[in-house]
Every structure is written in C-alpha cells, then in structure tokens.
Colleague: 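Handing you this structure, nothing more for now.
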Amino acid sequence: MPPTLASLVHHSALKLTVRAGEAHLDTPVRWAHVSELADPVPYMEGGELLLITALKLDADDPEAMRRYVKRLVGAGVVGLGFAVGVNYDAVPDALVRAAQDEGLPLLEVPPRTPFIAISKAVSAAIAADQYRAVTSGFAAQRELTKQALGEGPEGLLSVLAAQVDGWAALYDASGAVVATAPEWAGRRAARLTSDVERLRERPAPASAVVAGGSDNGTDRVELHSIGTGRRPRAALAVGTAAALGTAERYALHSAIALLTLTTERSRALYAAEQRIGAAVLRMLLAGEPDHARAVAGDLYGALLDAPFRMVLAEAVAPPPTGVAPSGGRPAGTALLLAEAVTGAGGPSGDPVPVLIDIVESAAARSGEAVLVVPDGERVVLLVVDGGAAAEACGHYAEALEVTRSAAAGSVGGPDEELVIGFSAPAGPIAAATAFKQAEQALSVARRRGRVLVEHEDVVAGSVLPLLGDDAVRAFADGLLRALRDHDATGRGDLVASLRAWLSRHGQWDAAAADLGVHRHTLRYRMRRVEEILGRSLDDPDVRMELWLALKATGA
C-alpha cells in the first residue's frame, strides 16, 4: 500500500495533528511538496501533500482561504500541512473552516518537525511500497512459472486471478474461450468475445481496457494480445473491480510473457514441424504409407491412425460486383457464425491464415493432430474425419458463405475470398486418391462460386452445374450460333426441334408429337441441322455436345 495521510498522522516521529478532513485520511499520498506561493496550483500534478507556513497568505481572511483551499482541491491536492510557530502560532480558524467546508485534510505540523522530515517519511514509504510491489511481483512470477510448467495455462490463470483479486480468461486465436479462473468467470469471459475480435484485428502486441463482463457491467477488464507475430496467437482478459496496482501489474506482465512462451511456438520449431509435415504428405502421395508413418512419429502419427480428410484451400479474387455467388445458404444459425468471423484479418486480409488459425486452434483444444502444408498459393490440410478441426473448417466456411451472400453486389468487399475442397474420408493407402478428390472439389467450388465443396457433393450431384463456366458457355454459344441465326430469319425452329429430338432419344414420333408437327417435317429439320453444322447426328459425341450446349445456354 502507498503511504496515506493516516499513516503519516500515525507516524510517531512526526507528531502531526488533524485539524480538518478526518474522513479523508485514507487517501494515498503521491508526494510531499513545499510551496509558499499564493497560488501553487499550476505546479501541482495531483495527489500531493502540500506543506506551507503561510508566508505569503493572509490566513486569517475567510474569503481568501476559501478561494485558496477550493483551488487546491480542484488541483487534486490530497492534504495540507500547516507549520505552526513560524508565521502563525496556531492554525488560523479561517483556514480550518475552509478546509472543513471542502473536506480537505488539514494537518498541524509542530515546530520541532521540519518539512524535510515529512518529505523523507513520504519518500521512504513510497520506496518501501515499491520494494514490496517488486518483491511481490517476483514471488508471483515464480508461482506463475511453476504453474505454467506444471499445470499449464489453467494453473497460471488461477494464480493470476488470485494475485489481482479478480478473474482471468484465455482466448485462442479464433476468439474462443480456452480457460477461465475461477470457473464462474466463464460467463463473463464469453460476453467479451466481440471485444477480443476487435483486439485481434490490431497488430500484436495490443491491449485495451473495457467495461463489462459482470451482470451489472461494473468490471474493469484489461485485454492483452498474446504472441509475437503479425496475428496474435491468443488473448488474455483480466477483470477486476478497480485499476491494477504495481504488484498486480507485475504479475500481469509476467503472465503475458509466460503465456507467450507457452502458446507461441518459435519460428524455427514451426518451420521444422512444417518440413516434417511436408515430408509426410509427399510420402503419402507417393504411395509410401509405411515410410510416412515412420516419419510422422508422435507428431502426426495419431492422424494417420484414423480416417482423415484431405483439404485444399486457396484465396481467389471475388466475383465481379453485382454478381451474387451461387449456392448461398440461409442465414439462420450461420449468421451467428458469420458475426464471429466477420472482419477476421480485416476486409483486405488473407483468409488462408485465418483458416489455419481456426483449424489449428480447434485441433489444439480437442487434442487432435492436424497437418498443415503450404503448397504454393494454397494450403493442404490433413484433418481427422469428423473431428473438431474438420468441424471448425466447415463452420468457418458456412459463416463466410453467409457474409458473402449478404455482401453480394456491395462495394468495398474483401480483396480475396476463400475456396475449400474436401476429399472423402480416406486412410494413408488412399492418400493420393484423396488429394485428387480434394482438387476436384476445389475446382468445383471455384467454378460455382462456393466457399466449400465436399467430394461427396460432386459425386452425388449433377454435372449440369459445371456447365456454368464462362468457357463452356462460350463454346456452347459458338456451337449453336448458326442454328439461332437460321431461326432468326423465320425459316424454321431448328433449336427447339433439336432439343425435342434429343430429349426423346431420337424417337421421331414422340418428338414430333411434342412439337405438334409431322414426323417428316421433323426429319427435314434434323437434315437441315446436319447441313448447317456440318456434323452428323448419328455420331453419339455430336449428340452429347449439342445436348450439353443446349443445357449450358438454356436454349
């Protein structure tokens, strides 16, 4: 505790007497300052005990004393020490009444107590308080380190919450609450998700002070990013009833440093893990699962023991303004997910690192292994089938789908959008096939303007949505242009006749009945189609191309 007016009054060597303001003696004293100026306010910072002899004051003038004391209180002076036996034999009544009216503690300083003795007492008390704070901080650092090494982040948070006499919470890179101390602080921590999201958008290290958490919003909460990279690896929240003192601040800074060490892997270690992951992936794709398992060891071995999904993700340019992506999903619960990830990385941020953060955080929380290998402009992920990482990837894609649909046609959207391809569940032996499946799903996602496509959707779906590609439509328009030009002259309806004939698998009577013409008329029109196109309708490849062209153009 810093020195207070009460501690100075109780100091046996100073022999100070309280003349006014008894109710405010518990106020901390930041310094003791001597000034005989008639107006010392311009030189005050607040928190001082002002020591005077009234050398230049008319201390018997009630109005002058009222103005003098009022200005001192306004400047944040916490107490006034008046030396008797110098210019006045006793503390003037006018000064006593003014101090009582303003609630300013007024201390009588006896003749045998020099001002330097009071200044030394305040200075010694401040130094002792700082020493206690540093000592307490080192003790807290030792305990925090012990807990971090033994119990992990959960034990560290427990010690930190006790040190600050409040609560603490740890968030992962995606903004989800990882741990809290005490346990009842979980609800308070969850209320600060939006604040953590805003903090995450700022380069690390970043901090913010917010009000909230408790039901009545009275908590003072400090948020601090954890990590040394461009994007924070985690965030720490500390909630207290009041601002942190020196000792509490030491403990907080120690906790931040320790959490950084425990949550932020070194670049060299991360690079080594990526090299191992890349080697494992190459061996899997080369059809060497036994070698891959040997290299994977404990790092990725568990991933290869269970069915996994091969995932390919890349950032692509968004569709032109005004073009709504196909396959949008209804808002519903996905809108809540969208709100949780909107702005992750900023409007112009790269969505691939955000995806990696979310997937790795989900895997870490559930104790799963996840393999992440950069592959040029895209990234390859191996995730446990049905695991937390795969689920987090799907939720993130769903949220992006909602925000993309909501922002379709708007100006100022992201510079790049994410597309993801999921393979079917596979094992190490079928890794190469799973990689091809993920590539196919990624290609379909890119063509359809979807965030995520699973290989099962490609297999179970129709080939017709693939015809939406611009190159396919251009080919179809070119193939049918001559027939459309013929129909535009009014000399027959060759396009409609071709569609009817193909839809009836070349059955003349059925197709003619659909068109309401004689079968000889339909035969004549099909001969004209062959003449105009210079291609035979007896060729199944020609019939297939014409049918797909009709589908692609909607003719």
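Start at 1 with the first residue, then count along the sequence.
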Colleague: For a 4.5 angstrom cut-off between non-hydrogen side-chain atoms, does Arg484 reach Asp477?
Modeller: yes
Colleague: Any carboxylate oxygen within less than 4.0 angstrom of a Lys/Arg side-chain nitrogen, looking at Asp290 and Arg293?
Modeller: no
Colleague: Grab the two heavy atoms, one from Leu156 and one from Leu144, that are nearest each other, plus how far apart they are.
Modeller: O-CD2, 3.5 Å
Colleague: Does Glu314 form a side chain to side chain contact (heavy atoms under 4.5 Å, CB included) with Arg446? I'd like the steps, not just the answer.
Modeller: CA-CA 10 Å; Glu314 67 179 5; Arg446 195 185 302 112; 2.6 Å; yes
Colleague: Should the heavy atoms of other residues, nucleotides or ligands under 6.0 Å from CD of Glu183 be counted, would the total exceed 12?
Modeller: no
Colleague: Any salt bridge between Glu417 and Arg450, counting N to O under 4.0 Å?
Modeller: no
Colleague: Can you name the salt bridge (Lys or Arg N to Asp or Glu O under 4.0 Å) partners of Arg282, sequence neighbours left out?
Modeller: none
Colleague: Closer than 4.0 angstrom, basic N to acidic O: yes or no for Asp195 and Arg198?
Modeller: yes
Colleague: Quick one: are Trp167 and Pro182 in side-chain contact, heavy atoms under 4.5 Å?
Modeller: yes
Colleague: Can you measure from CG (Asp514) to OG (Ser503) and round to the nearest 0.5 angstrom?
Modeller: 6.0 Å
Colleague: Decide yes or no for Cys393 and Leu355: does some side-chain heavy atom of the first lie under 4.5 Å from some side-chain heavy atom of the second?
Modeller: yes
Colleague: Go through the steps to decide whether Glu222 and Arg220 satisfy the test side chain to side chain contact (heavy atoms under 4.5 Å, CB included), and finish with yes or no.
Modeller: CA-CA 7 Å; Glu222 288 194 19; Arg220 178 188 183 275; 2.9 Å; yes
Colleague: How long is the straight-line distance from CD1 of Ile420 back to CG of Leu312, given to the nearest 0.5 Å?
Modeller: 10.5 Å
Colleague: Kindly say whether Tyr250 contributes a backbone atom to a donor-acceptor pair with the side chain of Ser254 at under 3.5 angstrom?
Modeller: yes
Colleague: Sequence neighbours left out, what passes salt bridge (Lys or Arg N to Asp or Glu O under 4.0 Å) with Glu530? Give chain and number order.
Modeller: none
Colleague: Would you check if Val311 and Leu382 make a side-chain contact, meaning some heavy-atom pair closer than 4.5 Å?
Modeller: no
Colleague: With side chain to side chain contact (heavy atoms under 4.5 Å, CB included) as the criterion, how do Leu498 and Leu546 come out once you've worked through the C-alpha distance, each side chain's angles and the decisive distance to 0.1 Å?
Modeller: CA-CA 9 Å; Leu498 176 62; Leu546 288 172; 4.1 Å; yes
Colleague: Given 3.5 Å as the limit, does a donor-acceptor pair link the side chain of Asp487 with the main chain of Val495, or not?
Modeller: yes
Colleague: Between Leu483 and Val529, is there a side-chain heavy-atom distance shorter than 4.5 Å?
Modeller: yes
Colleague: In Å, rounded to the nearest 0.5 Å, how long is the span from CG of Leu522 to CZ of Arg527?
Modeller: 10.0 Å
Colleague: What pair of heavy atoms forms the shortest contact from Glu454 to Arg309, and how long is it?
Modeller: OE1-NH1, 3.2 Å
Colleague: Please name all residues satisfying side chain to side chain donor-acceptor pair (under 3.5 Å) with Thr489, sequence neighbours left out, ordered by chain then number.
Modeller: Arg491
Colleague: Working to the nearest 0.5 Å, report the span between CZ of Arg528 and CD1 of Ile532.
Modeller: 4.5 Å
Colleague: Looking only at non-hydrogen atoms, find the nearest pair between Pro153 and Leu259 and report the distance.
Modeller: CB-CD2, 4.2 Å
Colleague: Should we say atom CG of Asp485 is surrounded by more than 12 heavy atoms from elsewhere, each under 6.0 Å from it?
Modeller: yes
Colleague: Would you call Leu442 and Arg378 a side-chain contact if the rule is heavy atoms closer than 4.5 Å?
Modeller: yes
Colleague: Are any non-hydrogen side-chain atoms of Thr240 and Asp219 less than 4.5 angstrom apart?
Modeller: no
Colleague: Do Ile356 and Val379 touch side chain to side chain, with heavy atoms closer than 4.5 Å?
Modeller: yes
Colleague: If I compare all heavy atoms of Ala179 with all of Leu157, which pair ends up nearest, and what's the gap?
Modeller: O-CD1, 3.4 Å
Colleague: Work out which heavy atom in Leu537 is nearest to a heavy atom in Arg543; give both atom names and the distance.
Modeller: O-NH1, 2.7 Å
Colleague: Is NZ or CZ of Arg499 both nearer than 6.0 Å to the six-membered ring centre of Trp547 and within 45° of the ring axis?
Modeller: yes
Colleague: Among all residues two or more places apart in sequence or in another chain, which pass the side chain to side chain donor-acceptor pair (under 3.5 Å) test with Gln507?
Modeller: none
Colleague: Are the side chain of Tyr396 and the backbone N or O of Val354 linked by a donor-acceptor pair below 3.5 Å?
Modeller: no
Colleague: Is Gln437 reaching over with its side chain to a backbone N or O of His455, donor-acceptor style, under 3.5 angstrom?
Modeller: no
Colleague: Just verifying a value: how many Å separate Leu381 CG and Phe422 CZ, rounded to the nearest 0.5 Å?
Modeller: 8.0 Å
Colleague: Would Val221 and Val209 satisfy side chain to side chain contact (heavy atoms under 4.5 Å, CB included), going step by step from the backbone distance to the final call?
Modeller: CA-CA 6 Å; Val221 182; Val209 177; over 6 Å; no
Colleague: Of all the heavy-atom pairs spanning Ala431 and Leu284, show the shortest one and how long it is.
Modeller: CB-CB, 3.6 Å
Colleague: Considering residues, nucleotides and ligands other than His291, do more than 12 of their heavy atoms fall under 6.0 Å from its NE2?
Modeller: no
Colleague: Main chain of His224, side chain of Ser207: is a donor-acceptor contact present, judged purely on distance under 3.5 Å?
Modeller: no
Colleague: Under 3.5 Å, side chain of Thr180 to main-chain N/O of Ala169, donor-acceptor pair present?
Modeller: no
Colleague: Which residues pass the side chain to side chain donor-acceptor pair (under 3.5 Å) test with Arg519, not counting sequence neighbours?
Modeller: none
Colleague: Once salt bridge (Lys or Arg N to Asp or Glu O under 4.0 Å) is applied, do any residues pair with Glu288, and if so which ones, sequence neighbours excluded?
Modeller: none
Colleague: Could you state the interatomic distance from CG (Leu285) to NZ (Lys436), rounded to the nearest 0.5 Å?
Modeller: 10.0 Å
